[in-house]
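One structure is given here, and the rest of the page talks about it.
The first residue of the sequence shown is numbered 1, and numbering continues consecutively from there.
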Amino acid sequence: MSKSFSDLGINQLLQQSLADLQISVPTDIQKKTIPVVLNQKEDLVALAKTGTGKTAAFGLPLLQLIDTDDTNVQAVILAPTRELGQQIHTNLMSFASHSPALSI
């Protein structure tokens with residue numbers, strides 16, 4: 001399987017943010033889901049334990065697919081608790097730190 005985020009199709013700006021976060025090797029869930037989300041515009045259900053990188057698994061390709069020229073809402077993420085929603089927001093902001101055109 002792919003051993004880097006560039007092999008999975010993640011763009012350079014997001015890779016720079018990952019490098020700042022000292023994230024260099026994708027986890028199993030990320031290796032399996034990122035290419036699917038980037039290349040298929042269909043729903044995906046993936047299950048993995050806590051701490052395995054699920055937020056990056058859906059968040060990185062989601063951020064990459066956003067059309068920054070379109071000001072309409074392009075994605076909505078539902079979370080079962082406020083705390084998880086805040087955690088997801090914080091992670092997405094970190095992933096997009098080198099992509100100032102993205103609004104989260």
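Residues I66 and A75 share a closest heavy-atom pair of CD1-CB, 4.3 Å. Minimum interatomic distance between I104 and L92 (heavy atoms only, all atoms of both residues): CD1-O, 3.4 Å. The nearest pair of heavy atoms linking P61 to A56 is CD-O, 3.7 Å. Between Q30 and V25, the closest heavy-atom pair is OE1-O, 4.4 Å. Of all non-hydrogen atoms in L21 and F95, the two that sit nearest each other are CD1-CD2, 3.8 Å.
You'll find the side chain of S24 stays beyond 4.5 Å of the side chain of L18, heavy atoms only. Looking at heavy atoms from C-beta onward, N72 lies out of side-chain contact with D67 at the 4.5 angstrom threshold. Proximity of I34 to P26: side-chain heavy atoms (C-beta onward) are nowhere separated by under 4.5 Å. A 4.5 Å side-chain heavy-atom check between L63 and F58 finds every atom pair outside the cut-off. The closest side-chain heavy-atom distance from T52 to D28 is not below 4.5 Å. Looking at T90 and Q87, their side chains never come closer than 4.5 Å, going by heavy atoms from C-beta outward.
Under the 4.5 Å side-chain heavy-atom criterion for ILVMFWY residues, no single connected hydrophobic cluster contains both I10 and I29. Residue V73 is not grouped with residue L102 when hydrophobic side chains (ILVMFWY) are merged at heavy-atom distances under 4.5 angstrom, including chains of intermediate members. A single hydrophobic cluster is not seen to contain both L13 and M93; linkage of ILVMFWY side chains at heavy-atom distances under 4.5 Å, directly or through other members, places them apart.
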*Would you please test L60 and L38 for side-chain contact (heavy atoms from CB on, under 4.5 Å) and show each step?*
CA-CA 9 Å; L60 291 170; L38 285 175; over 6 Å; no

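Between the Q15 side chain and the F5 main chain, no donor and acceptor come within less than 3.5 Å of each other. At distances below 3.5 Å, at least one donor-acceptor pair connects side-chain atoms of Q64 with backbone N or O atoms of N11. With S4 contributing its side chain and D7 its backbone, the two residues share a donor-acceptor pair below 3.5 Å. No donor-acceptor pair closer than 3.5 Å links the side chain of T27 to the backbone N or O of G53. A donor-acceptor pair is defined here as one N or O able to donate and one able to accept, closer than 3.5 Å; such a pair exists between the side chain of K54 and the backbone of K49.
Scored by the side-chain contact (heavy atoms from CB on, under 4.5 Å) test, S17 finds S97, H98 as partners (sequence neighbours excluded).
Taking CD of Q86 as the start and CZ of R82 as the end, the distance is 4.5 Å to the nearest 0.5 Å.
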